Amino acid sequence: MTADPFKLAMARLAIAAALGATIPAALGATIPAALCATIPAALCAAITAPALAAGKYPSGVVTLVTHSSPGGGSDVFLREMLPHLQAHLGGTLIVQNIQGGSGAKAVAITASAPPDGTMLYATTPTYIYTSLLSHPAATYKDLEPLVNVFYDPEVVYTAADSAFPDLASVIAHAREARGKWGAANPASLERQALEQIKQKTGVNASIVTFEGGGDMLINVLNHGLDIGVGEVEEIRAQLDAGKIRLLAVLGDKRLDQFPDLKTAREQGVDVAVVKFRGLAGPKNTPPEVIAAWEEAIPKLLADPAYEKVYLENNLQPGFMNHADYIRFIDGFGSDTTAFLRKSGVIK
């Protein structure tokens, strides 16, 4: 990246003054988004680029942001991945939970961060649903898709001591007494899955939404909800403890770890959804940052120690490079827009 040396020097002085820091310290600092907004984007990117110019990315701290609450699906995904990823990417990797607005706050903060690879966002379908169903400050189109890592099948679950031995009994109860079903976020793939189940079965269950899968799980365990929808990894501890019972897979095939668990389609409910897990950064993320992730993720997925972890959590490897991930996200956004319009949710 190139910039006029004089303008670059003046911008550095201005930021140093605004930070109240000495110039050398300011040059190595992460520039606050509000300050970046006061100077041309190219200059801001150039100022934050010394870590790239000085050596291989990453040379400092990389913050992976999730909208998920602690214990939620994205939170668990990142925290289990990071110790293994560190060996293949380098740098210092940390997780930051930024909740609010069904992901809108996390997307807005990531989109306004310096485009130097130091702040990335853990993508799921939620960030597309939130973009389409509300009017957030930044949408999924304001982020740069970097790579996809996994597909994460969704399951329907209930408390082990509930009155629901299978999906049919849940539907029957909803038909007689409406019932309460849980989704992790107001605008999410899980919410769409439940809406589709209602549509396919003709019931009118009440759908209760949360700011993360961890909060929803608690309400299933205490019988505040008949069922919840989530990923195996976010309910693993309670599942292993015998507190949770799985009722159906909301995908095209059964899970290797639970071969006896039928899909919803096998139980007469024609609903299947696809949940992806990847990473995105601010627009204009440098090619060398993208290349580092494209190189690291295949190595991570082939790492025997991590493979054991993610297969136990029923995560399915789904690496997509930058170019393929852009096309995938664009297609997912278009398909979801069409579904929401057809359903009358948006115009």
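Small disclaimer: the values here were computed from a predicted structure and weren't measured.
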**Message:** Donor-acceptor pair, distance only, cut-off 3.5 Å: does the side chain of Arg178 make one with the backbone of Asn204?
**Reply:** yes

Worksheet item: Mind checking whether Tyr325 and Phe328 have parallel, tilted or perpendicular rings, split at 30° and 60°?
Response: parallel

Treating Thr158 as the side-chain partner and Asp226 as the backbone partner, does any N or O pair qualify as donor plus acceptor under 3.5 Å? yes

Of all heavy-atom pairs linking Ala138 and Ala108, the shortest is CB-CA, 3.8 Å

Should the pair Phe276 and Tyr127 be assigned to parallel (<30°), tilted (30 to 60°) or perpendicular (>60°) ring geometry? perpendicular

| message | When you compare the side chains of Asn313 and Glu80, does any donor N or O come within less than 3.5 Å of an acceptor on the partner? | response | yes

inquiry  = Between Arg265 and Asp252, does any NZ, NE, NH1 or NH2 come within less than 4.0 Å of an OD or OE carboxylate oxygen?
reply    = yes

Between Asn97 and Ser68, is there a donor-acceptor pair closer than 3.5 Å when you use the side chain of the first and the backbone of the second?
yes

Problem set entry | Backbone of Gly281 reached by a side-chain donor or acceptor of Thr285 within 3.5 Å | no

Check your understanding: Are more than 12 heavy atoms from other residues, nucleotides or ligands located less than 6.0 Å from atom CG of Asp256?
Key -> no

- Does the Asp75 side chain pair with the main chain of Phe77, one donor and one acceptor, at a distance under 3.5 Å? no

Do the ring planes of Tyr121 and His67 sit parallel (below 30°), tilted (30 to 60°) or perpendicular (above 60°)?
tilted

I'd like to know if the side chain of Asp303 reaches the main chain of Lys299, judged simply by a donor and an acceptor atom lying under 3.5 Å from each other, with no hydrogens or angles considered.
no

(message) Side chains of Glu144 and Asn284, heavy atoms from C-beta outward: is any pair under 4.5 Å?
(response) no

Report task. Begin from the C-alpha positions of Arg277 and Ser74 and carry the test side-chain hydrogen bond (donor to acceptor under 3.5 Å, both in side chains) through to its verdict. Result -> CA-CA 8 Å; Arg277 293 199 180 280; Ser74 288; 2.9 Å; yes

Notebook entry, point to check: Is there a donor-acceptor contact under 3.5 Å from the side chain of Arg254 to the main chain of Pro259?
Noted result: yes

Do side-chain atoms of Gln267 reach the backbone of Leu247 as a donor and acceptor pair under 3.5 angstrom?
yes

Note: Leu250 and Val229 closest approach over all heavy atoms is CD1-CG1, 3.9 Å

Glu266 side chain to Thr263 main-chain N or O, any donor-acceptor pair under 3.5 Å?
yes

Report task. Examine distances only and state if a side-chain atom of Glu294 and a backbone atom of His322 form a donor-acceptor pair shorter than 3.5 Å. Result -> yes

Is it true that Glu288 and Lys56 make a salt bridge, defined as a side-chain N closer than 4.0 Å to a carboxylate O?
no

